[in-house]
S.K.: 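Dropping the structure in here first, questions after.
Every number for a ligand or one of its atoms is a count from 1 in the order of the listing.
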Amino acid sequence: MDTIDNKEFEGIQKILDVIEKSDKHYDIEKIERAYLYAKALHEGQFRVSGEPYISHPIAVAEIVTSLGLDTDSICAAFLHDTVEDCPDKTNLDIIRSRFGDDVAMLVDGLTKMKVINVEDKEEQNMENIRKMLLAMSKDIRVIFIKLCDRLHNMRTLGVKKDHKRRITALETMHVYAPLAHRLGMQRIKQELENLALSYLDPIGYEEVSKDIEKKYGQNQNFIENTRAYVSEKLAEYHINFTLEGRVKTVYSIYRKMFKQSKSFDEIYDFYAIRIIVDTELECYTSLGIIHELFKSIPGRFKDYISTPKPNMYQSLHTTVIGRDGIPFEVQIRTRDMHHVAEYGIAAHWKYKSGEKSKEDIDKKLSWISKLIDTENAAIDTEDFMHALKIDIFSDETFVFTPKGDVIALPQGSTLIDFAYAIHSEIGNKMVGAKINGMIAPIDRVPQTGEIIEIITSSSSKGPSRDWLKIVKTSEARTKIRQWFKKEKKAENIRIGMAEIDKILAGFRIRPTDAQKQEIIAAASKRIGMKEPEDLFNAIGYNGVAMTKVISKIKSEYDRVVKPDEQVIPTEAEQVQTKPSKKIRSNSGIVVDGEYGCEVKFAKCCNPLPGDDIIGFVTKGYGISVHKCDCPNVLEGRKNPDNADRWIQCEWDNESVSSLDAGKSLYEVVLQVYAENDIMLIANVTTALADMKVSLLSINTKKRTDTDIIINLTVGCKNIEHYHSIISRLRAINHVHSITRGFS
Ligand code: MN
């Protein structure tokens with residue numbers, strides 16, 4: 001029987017403990033077999049630290065188990081290094097016969113995921129590497145296990161050689177931590193970042209750690225105390241909430257200090273609490289409660305609920321001063337918003353490039369979300385497996401250059417597309433290609449993970465015209481056309497002339513030479529070519545659609561060759577007789593009777609449709625439109641030097657009303673004078689939400705001990721809309737008055 005040391009025993013025991021406590025089904029016998037098989041294979045191998053090698057797979061399996069992954073993932077974690085490190089004792093086929101297809105597939109995925117060099121790569125290439133890793137691991141479990149493997153390697157990196165350490169830390173920082181982030185594995189992401197930083201910049205890491213210790217060391221229980229206090233107050237308002245607290249990691253503070261060059265004292269969100277509630281209204285109510293309990297730091301309030309971030313993130317953020325004078329950030333959102341915040345980035349990234357429906361992706365991401373929910377480990381593993389086997393990252397192919405750069409190509413791209421994606425000269429001089437070192441036909445579609453080498457020759461005669469039919473990307477097509485346009489003019493012209501002859505030969509009566517010349521000259525002009533030669537050339541290099549050429553030649557033929565019949569006005573003549581279309585400005589402003597002038601709305605008074613307005617001709621920035629009664633106008637018109645720059649303006653009512661609702665919003669600043677009340681902000685924002693008015697910014701200012709001013713910027717359609725908003729806000733309890741614009 002194999003020997004088992006204490007540490008090993010502890011690791012296995014921890015795995016069994018988690019499994020025992022879980023209500024999911026595990027095949028313990030299979031897990032045990034995987035462990036014993038891995039142990040036998042790695043027998044006699046040691047880590048750099050001197051420990052038996054099996055300690056590493058055990059540790060990885062332990063992390064994998066703690067994430068709530070299934071039996072096959074745990075087995076694969078035990079076996080993940082065996083195929084590569086013990087080639088004389090085992091291989092994928094043996095693993096498949098002992099542990100089944102899934103375990104073999106996972107081990108295979110993990111074995112392949114090793115070859116990437118991130119040194120001196122640009123950010124774009126890093127992004128491609130990340131995407132490629134996702135695409136390569138057809139099953140998302142491969143990535144999860146890989147992240148656990150990396151985490152353990154990072155935890156034990158200290159013993160490795162310096163250069164090797166640096167490379168591993170770089171790769172972790174630029175590839176694996178972002179992947180963990182994208183998959184919503186916040187805890188693993190943070191640990192990876194902190195560990196990587198401690199190797200990449202040990203001095204900076206130490207410095208930040210000391211700052212934290214110095215400033216916050218004595219406040220170990222700050223978050224706990226604050227949570228308890230806030231919970232008690234929220235409970236009084238009968239809000240159904242979840243409260244989370246967090247302390248910022250060394251790495252995230254380091255980033256702020258060094259990337260945004262802030263001093264340690266400028267970091268206000270070292271501590272943060274998050275309040276998750278059921279409804280949007282409760283978000284604002286909670287905000288009111290927080291502002292009542294703590295003094296807020298001006299300029300730190302952000303309403304991402306009314307104005308979501310581009311990645312769909314929604315939340316209210318504010319920073320307040322807690323007891324002991326320690327600032328902390330408060331994030332408030334609904335459970336739905338929280339879900340998007342945790343997994344939305346991955347979702348959004350996919351929406352941009354894929355054709356798959358949102359529901360489809362949500363479904364898949366919800367599996368991921370359940371998987372990483374370690375507090376609530378109830379995952380239906382069976383369903384989970386099937387849902388995630390489908391590759392959700394499949395519309396791009398990622399291939400390597402021989403130098404190890406990763407190139408992303410649209411799915412279905414050929415080797416020719418790849419060559420042109422590298423450089424047009426590579427494409428133009430391409431004579432062949434190799435995939436993973438083997439000669440391959442140039443119209444082959446490469447697969448993710450393959451290494452592509454393009455063979456070029458200086459004696460190449462350039463691309464073939466057939467390539468235009470083979471290539472998938474418009475980039476390659478354009479570059480090939482450009483080459484023909486430039487290099488093969490004589491040949492293009494010959495081809496173009498032959499094509500036109502073919503068209504003319506198809507007509508009933510053959511035109512005379514003179515008629516032919518007339519037809520071609522007229523058709524060329526109508527297609528937008530100066531000379532017939534340009535048209536021939538364009539036909540030759542595929543620079544013009546043949547359907548267009550045929551239709552124009554046909555209509556000119558009809559005009560020129562049938563003099564006896566009634567003259568039908570040509571298309572061109574018809575177009576000319578149409579009345580010219582009135583071009584309307586998209587700003588909705590008529591300046592001195594002219595439409596389409598470049599205008600901008602003055603920020604001092606934010607005019608609305610319906611307001612009396614006047615324009616001021618600026619130097620180089622178009623016409624600035626003000627309200628007639630804007631103080632700046634009243635003042636400005638006193639200056640005789642500028643008298644001729646004031647210009648009459650009016651609203652183009654037709655244009656304003658025809659714009660679609662989303663675009664025809666104008667910013668309006670409102671100042672609400674009110675008596676301070678805990679529900680005030682919630683009431684104001686709810687009223688706006690009820691009216692579907694978009695809130696662009698909100699901040700408050702203390703006026704007296706009892707009174708405050710709320711500055712609101714809202715989106716408003718016109719003056720009537722403005723009046724309806726005002727009268728609704730005036731009806732709110734404690735509101736004294738409302739003024740428009742800044743005072
Ligand atoms: Mn490993």
S.K.: To the nearest 10°, how many degrees is the angle Asp149 OD1 to the Mn ion (ligand 1) to His80 NE2?
M.R.: 90°
S.K.: Does Arg274 come within less than 4.0 Å of Glu329, counting only side-chain N to carboxylate O?
M.R.: no
S.K.: To the nearest 0.5 Å, what is the distance between CG (Leu151) and CD1 (Ile63)?
M.R.: 4.5 Å
S.K.: Can Arg166 be said to sit on top of Tyr199's aromatic six-ring, NZ or CZ under 6.0 Å from centre and within 45° of the ring axis?
M.R.: no
S.K.: Has His152 got an N/O/S atom less than 2.8 Å from the Mn ion (ligand 1)?
M.R.: no
S.K.: Please note down the angle at the Mn ion (ligand 1) between NE2 of His56 and OD2 of Asp81, to the nearest 10°.
M.R.: 100°
S.K.: Do Gln331 and Glu244 touch side chain to side chain, with heavy atoms closer than 4.5 Å?
M.R.: no
